[in-house]
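Just so we're on the same page: letters track the sequence lines, and every chain starts at 1. Values in this document were obtained by computation on a predicted structure and should not be read as measured data.
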2 protein chains.
Amino acid sequence: MTLVAAGYSRAAMAVRLSPRPGLTIGLTRDGQPVRSLTSAVFAQLRAEILSCHLKPGEKLLIAGLARRFAVSLSAVREALSRLAAEDLVQAEDQRGFRVSPVSIGRLRDITKARIDIEALALRRAIELGGADWLAGIRAAYRELEATPLPQPGDAGARFEAWRTLHRRFHFALVSACASPWLLRFRDTLYEQSERYRFLAHGVRPRAVGAEHATIARAVCDRDVDAAVRALSDHLALTAEIIVESRWGFE
Amino acid sequence: MTLVAAGYSRAAMAVRLSPRPGLTIGLTRDGQPVRSLTSAVFAQLRAEILSCHLKPGEKLLIAGLARRFAVSLSAVREALSRLAAEDLVQAEDQRGFRVSPVSIGRLRDITKARIDIEALALRRAIELGGADWLAGIRAAYRELEATPLPQPGDAGARFEAWRTLHRRFHFALVSACASPWLLRFRDTLYEQSERYRFLAHGVRPRAVGAEHATIARAVCDRDVDAAVRALSDHLALTAEIIVESRWGFE
DNA sequence: CACAAGCAGAAAATCGATTTTCGATGACAA
DNA sequence: TTGTCATCGAAAATCGATTTTCTGCTTGTG
């Protein structure tokens with residue numbers, strides 16, 4: 001029966017994915033459930049890199065990861081290849097993989113490019129977005145506001161919760177931009193900066209809420225220039241704070 | 001001895017790479033020689049997709065490709081994963097890979113995003129570029145001019161030669177932009193449009209040379225607005241022609 | 001001492017056998 | 001007829017054994 005068969009498939013996948021230590025069944029970035037071991041490994045590694053659990057520059061031993069996740073070498077290799085494509089890890093033929101390094105220079109580049117590209121996307125979104133888009137922004141903003149900013153030393157879950165809402169708010173702003181490619185690039189850069197954001201988390205008090213409010217207000221007023229300016233300032237300030245913090249790697 | 005050992009390595013790699021039918025030792029995009037089978041397969045597939053030898057939408061059977069290149073399944077899988085990251089192929093868990101489809105909508109998106117991003121990069125390049133940069137542009141322009149535009153029906157090699165120079169000219173324009181991320185995104189989009197360019201090659205006579213000249217002149221005059229305008233027009237016109245051509249896939 | 005060559009263990013890359021999933025086809029009941 | 005469900009070959013995914021390459025250490029030499 002299809003239902004039972006499908007049920008069985010899901011169950012089988014759960015059986016295959018879940019009992020592996022350190023591997024949790026998650027969702028891909030487009031909200032699809034993970035349907036293969038490789039994707040699960042990919043997601044797990046990605047999360048660990050973004051949260052700097054795997055440190056910038058760290059060598060990634062394929063055999064070690066395979067043992068840790070209880071999967072085969074190929075699964076790990078493929079996951080690493082995919083991460084390399086987003087520049088979260090770097091690959092060199094015959095020499096394996098390592099977590100992409102971080103540096104002030106890279107952060108500056110990411111930030112500048114991000115400001116430019118977010119601006120492009122935001123302009124288009126303001127031009128094209130309808131009432132539902134604005135409603136989405138307001139909802140995302142309210143949710144974000146309602147969630148306490150995680151304090152340094154907070155448990156991972158608390159941090160994750162805020163992080164998800166923050167991501168969602170920023171995505172809501174540009175979601176009406178109607179250009180898959182711009183959104184994709186924006187997403188790549190957002191992800192890149194997430195790692196840096198983590199490194200400098202909580203080093204300096206800051207009125208993030210007010211900044212978000214300014215952006216949201218300008219967008220809702222459809223004031224393109226003010227919105228772009230507010231967003232740019234927001235991103236630039238984040239980068240500044242991170243640079244100031246002089247984090248532990250480099 | 002180190003030297004002999006190194007020589008031996010290279011020879012061994014050549015032995016391993018070259019006798020495979022349909023697989024040629026090439027260079028990676030950063031000019032490094034290909035040092036692994038996987039990279040060779042990646043490069044080969046990429047070339048075949050860009051030249052539409054592998055048709056948009058076509059299913060890519062892993063086993064078939066592995067047989068064709070005389071390599072293992074894993075090598076092909078990994079190559080395909082990498083291609084998926086650039087959106088030259090699409091992957092779906094448990095369902096394999098296919099060449100990314102083409103469509104008017106996608107072309108429009110690629111073109112719009114490309115115009116925006118090339119403009120960003122060009123502005124920065126004009127701002128930062130020195131004499132060597134200008135010299136590079138002039139050299140690339142002269143070389144491109146000296147090469148006859150390939151006619152429809154021309155041999156692949158002729159086509160490839162022009163294509164390489166064209167790529168090099170456009171890259172020269174923005175090469176001084178000093179932002180790895182912008183350049184990377186630009187490159188991705190250039191590559192994407194190459195496939196479309198191929199589909200509509202030669203459908204309508206056009207003064208490409210003059211367009212390139214206009215761009216080069218404005219850039220050499222450091223006239224930012226004129227340069228950006230000329231480049232945008234150039235890209236937009238290309239897209240228009242392709243759309244007009246109503247190519248055979250969709 | 002500085003430097004080349006040789007060697008051994010570690011790690012990456014490759015392979016093809018095995019397992020799992022997909023998808024088309026046909027049987028059967030409502 | 002229409003919609004389920006079982007079946008079966010094809011294709012994808014996974015695995016771990018094998019081969020190749022790298023890397024650090026040791027030894028020998030000028």
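- With sequence neighbours left out, the ring pair (Phe, Tyr, Trp, His ring centres under 6.0 Å) criterion links B:Phe171 to no other residue.
- By the ring pair (Phe, Tyr, Trp, His ring centres under 6.0 Å) test, B:Phe159 is found to be paired with B:Phe198, B:His201, residues two or more places apart in sequence or in another chain being considered.
- At a threshold of 4.0 Å, the pair A:Arg77-B:Glu78 counts as salt-bridged, since one of the basic side-chain nitrogens sits closer than that to a carboxylate oxygen.
- Remark: B:Trp133 engages no residue in a ring pair (Phe, Tyr, Trp, His ring centres under 6.0 Å) (not counting sequence neighbours).
- Of all nucleotides listed (C:dA12, D:dA11, C:dA13), C:dA13 comes nearest to the side chain of A:Gln94.
- The stretch residues 72-93 of chain B comes close to DNA chain C through B:Ser72, B:Leu73, B:Ser74, each having a heavy atom under 4.0 Å from the strand.
- Listed pair B:Thr38 / C:dT14 meets the phosphate criterion, a side-chain N or O lying under 4.0 Å from OP1 or OP2.
- Atom CZ of B:Arg67 is separated from atom P of C:dG16 by 12 Å (rounded to the nearest Å).
- Taking B:Arg114 as the reference, B:Glu118, B:Ser193 meet the side-chain hydrogen bond (donor to acceptor under 3.5 Å, both in side chains) condition, with sequence neighbours excluded.
- Distances were taken from every side-chain heavy atom of A:Ser36 (C-beta onward) to each of D:dA13, C:dC15, D:dC15; the shortest belongs to D:dA13.
- When distances are taken from the side chain of A:Leu37 to each of C:dC15, D:dC15, C:dC22, the shortest belongs to D:dC15.
- Side-chain nitrogen and oxygen atoms of B:Lys59 include at least one within less than 4.0 Å of the OP1 or OP2 phosphate oxygen of D:dA12.
- With sequence neighbours left out, A:Tyr190 forms a ring pair (Phe, Tyr, Trp, His ring centres under 6.0 Å) with no residue at all.
- Taking atom CZ of A:Arg98 as the reference point, atom P of C:dA11 lies 13 Å away to the nearest angstrom.
- The shortest distance between the side-chain N/O atoms of B:Arg95 and the OP1/OP2 oxygens of D:dA13 is not below 4.0 Å.
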